[in-house]
Amino acid sequence: MAEIVLENVVKNFGKVRALRGVTVEVKDGEFLVLLGPTGAGKTTTLRIVSGLEEPDEGKVYIDGQLMNGVAPRDRNCAFVFQNYILYPHMTVYDNLAFPLRSKLWRVEEDEIRRRIERVARVLKIEHLLRRKPDKLSGGEQQRVALGRAMVRNPRVFLMDEPLSNLDAKLREEMRVELKSLQKNLQATFFFVTHDHVEAMTLGDRVVVLNQGSVMQVGAPEVVYSRPANLFVARFVGTPEINLIPAEVMGETLRCKTMGTTWKLSEIPFFQEVRNIPSRVFMGIRPEDILLGQGDKFGEVYLVEDLGVDKVIRVKTDHTILRVRASQEAQFAVGERVPYLFRTEKLIFFDPVTEKLLG
Amino acid sequence: MVGIRNTWANRVSERGMLYLFLLPTFVLLLFLVIFPLIWSLYLSFCQYSANAANPPIFVGIRNFSFIFQQKEIWDRFAVTGKFVAMAVVVEFFLGFFIAMLLNREFYGKGVLTTLFILPMMFSPAVIGKFFRFMMDTNWGIINYILGKLFGIPKIAWTTSYEYALPSIVVADVWIWTPFIVLLSLAGLSSVPKYLYEAADVDRASGWFKFRYITLPYVAPILLLAVLFRTMDAFRFFDLVYVITEGGPGYSTQIIPFYIYKLAFSYWHTGQSCALAYVLLIIIIALSNIYITYLNRLRRT
């Protein structure tokens with residue numbers, strides 16, 4: 001297996017600056033997730049690793065070897081494309097055999113059959129081997145594409161949103177299977193997605209990309225609880241984090257738009273961190289606001305029932321707070337409810353640099 | 001309220017008007033296509049000369065049995081087959097090869113493609129004339145160049161037994177290869193680019209990609225091109241008429257040209273009609289084979 005290193009990779013498509021100096025390291029045997037919105041440059045990054053695109057600047061290493069200028073087929077990366085891309089004129093068996101029949105490998109047909117049977121068993125596609133791709137469902141095609149990547153024991157698996165074309169239930173199943181597959185293979189996975197839930201559940205580490213720049217690299221829980229900047233804070237997590245402009249005035253923190261204040265002594269952050277600008281963005285996740293207790297009041301504005309829990313929007317003066325509440329919580333629209341911030345969970349951002357404070 | 005004027009146009013119904021407008025076309029079609037088709041079918045069963053004052057005499061299938069008994073006619077079928085085979089094979093491989101070369105991005109691609117397509121736009125009769133001049137034994141430019149550059153003695157391109165048919169094939173290739181190029185290009189550009197990318201990552205060689213990705217995609221359209229060219233070659237007349245006039249001897253008298261000869265040189269109108277129908281049946285049979293195969297290809 002292998003590690004991948006991207007060093008200051010820059011890629012432009014005409015006037016569009018797709019990547020502006022991306023540095024990423026995928027460790028050997030790691031499941032690294034590249035997370036970002038559409039147009040962030042995720043796919044471009046993967047294509048540069050695979051060799052389908054050459055970077056304009058910067059270096060690509062696989063296993064310490066410089067890969068710039070090396071043809072895709074000499075890199076031994078497996079690529080699972082977003083739309084699977086099976087060869088339409090071949091059966092599933094031949095699709096799986098395709099990478100092994102290349103002259104570069106010289107694999108005997110017996111060996112090919114053995115490998116395909118093993119992979120088919122793991123992916124539960126044994127009954128599909130004689131079929132053509134157009135007779136397969138999306139999930140089956142996805143497995144075949146995955147199988148085609150697996151048969152050749154590649155150095156790295158590059159995956160470009162492989163689950164995004166599946167329905168929700170299947171996606172969840174495949175997520176579990178992918179994760180256990182990666183653990184069993186001990187393989188290096190470089191996985192691209194725009195879905196932060198996928199990133200959180202799959203990744204050993206997550207790289208958040210926006211507009212061709214790396215925003216944050218870290219373990220999923222760190223990216224979630226301590227987002228490096230406002231973009232990451234907003235992008236990761238549903239419902240979105242609450243971000244409220246606030247001012248430090250003497251010994252109080254004043255939120256004008258909420259029409260309320262906190263004593264600085266109530267907030268652990270202000271005990272630990274010095275040199276805080278007078279204006280900040282206060283961030284709090286929806287699950288860190290408790291309804292029905294505390295001395296501050298808001299008005300229930302909207303209740304969304306998600307089944308497992310509820311998202312309740314609470315209006316306090318000019319701000320609407322997103323609050324995650326348990327399924328049992330009963331609130332009527334228009335009702336006045338007390339709320340409590342778990343102040344130890346509060347995070348603060350510099351409104352100028354948009355960076356996390358502390 | 002103004003009353004509807006009692007003109008003839010108002011008395012004709014909507015449907016009547018429809019037929020009225022169709023009538024001129026139908027009459028034209030009747031006289032120019034349908035009547036000749038039926039009349040020639042009738043003539044193929046008659047002894048008849050179009051330049052004699054005698055009316056056609058019904059003789060049953062005698063024209064047909066006569067055709068199939070004559071060795072000359074079988075020879076001419078052989079010549080036709082040879083011509084079709086040579087022309088189509090050369091055009092196919094050359095055309096597809098050129099299309100492969102053109103199917104990539106390079107500076108001046110549009111201009112070059114247009115230049116390659118150009119021969120198809122000229123009248124075959126005019127091109128035939130040019131080829132006849134260029135291939136002339138004594139003062140043709142081809143013999144001149146071959147002689148000057150390689151010292152090859154003069155070759156009787158259009159007037160010798162061994163070279164006359166290949167010469168016509170060359171002219172035909174020049175005109176019709178672009179057609180194959182055009183269709184092949186259409187086929188090649190229909191292959192999704194991402195399949196090649198997937199194959200690149202899967203470590204496929206150039207030949208592997210061509211064999212398992214390109215070819216399956218373009219095969220149906222290539223077959224179509226061959227079908228068109230084969231059918232075309234069977235009604236091929238103009239180049240022979242202009243370049244060799246069927247000579248020397250019968251060496252380039254392919255069937256369509258022989259039908260013309262029968263009809264307008266020997267005035268065996270009945271026989272020529274019979275032969276024309278035989279040719280028609282062959283073409284219909286061939287195209288049916290192709291179409292069946294094409295449909296099967298599309299299903300799989």
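With a 6.0 Å radius and a threshold of 12 heavy atoms from other residues, nucleotides or ligands, B/Lys82 has its NZ atom at or below the threshold. Environment of OH in B/Tyr107: sparse, with no more than 12 heavy atoms of neighbouring residues, nucleotides or ligands closer than 6.0 Å. With a 6.0 Å radius and a threshold of 12 heavy atoms from other residues, nucleotides or ligands, A/Lys59 has its NZ atom at or below the threshold. Shown here is B/Phe93, whose CZ atom has no more than 12 heavy atoms of other residues, nucleotides or ligands within 6.0 Å. More than 12 heavy atoms of other shown residues, nucleotides or ligands fall within 6.0 angstrom of atom OH in B/Tyr217. Atom CZ of B/Phe97 is surrounded by 12 or fewer heavy atoms from other residues, nucleotides or ligands within 6.0 Å. Around atom CD of A/Glu108, no more than 12 heavy atoms belonging to other residues, nucleotides or ligands sit under 6.0 Å away.
Counting heavy-atom pairs under 4.5 Å between each of A/Pro72, A/Ala78, A/Ser50 and chain B puts A/Pro72 at the top.
The shortest side-chain heavy-atom distance between A/Phe79 and B/Glu197 does not fall under the 4.5 Å cut-off. Residues B/Leu195 and A/Pro88 have side chains in contact (heavy-atom distance under 4.5 Å, counting atoms from C-beta outward).
B/Arg203 CZ to A/Phe98 CZ: the interatomic distance, rounded to the nearest 0.5 Å, is 13.0 Å. We find the CD1-NZ distance between A/Ile85 and B/Lys193 to be 11.0 Å, quoted to the nearest 0.5 Å.
In this structure a side-chain-to-backbone donor-acceptor pair under 3.5 Å is missing from B/Tyr212 to A/His89.
If you measure heavy-atom distances from A/Leu86 to chain B, the contacts under 4.5 Å come from the backbone alone. Neither the backbone nor the side chain of A/Ala149 comes within less than 4.5 Å of any heavy atom of chain B. Proximity to chain B is absent for every atom of A/Arg75, based on heavy atoms less than 4.5 angstrom apart.
At a threshold of 4.0 Å, the pair A/Arg73-B/Asp202 does not count as salt-bridged, since none of the basic side-chain nitrogens sits closer than that to a carboxylate oxygen.
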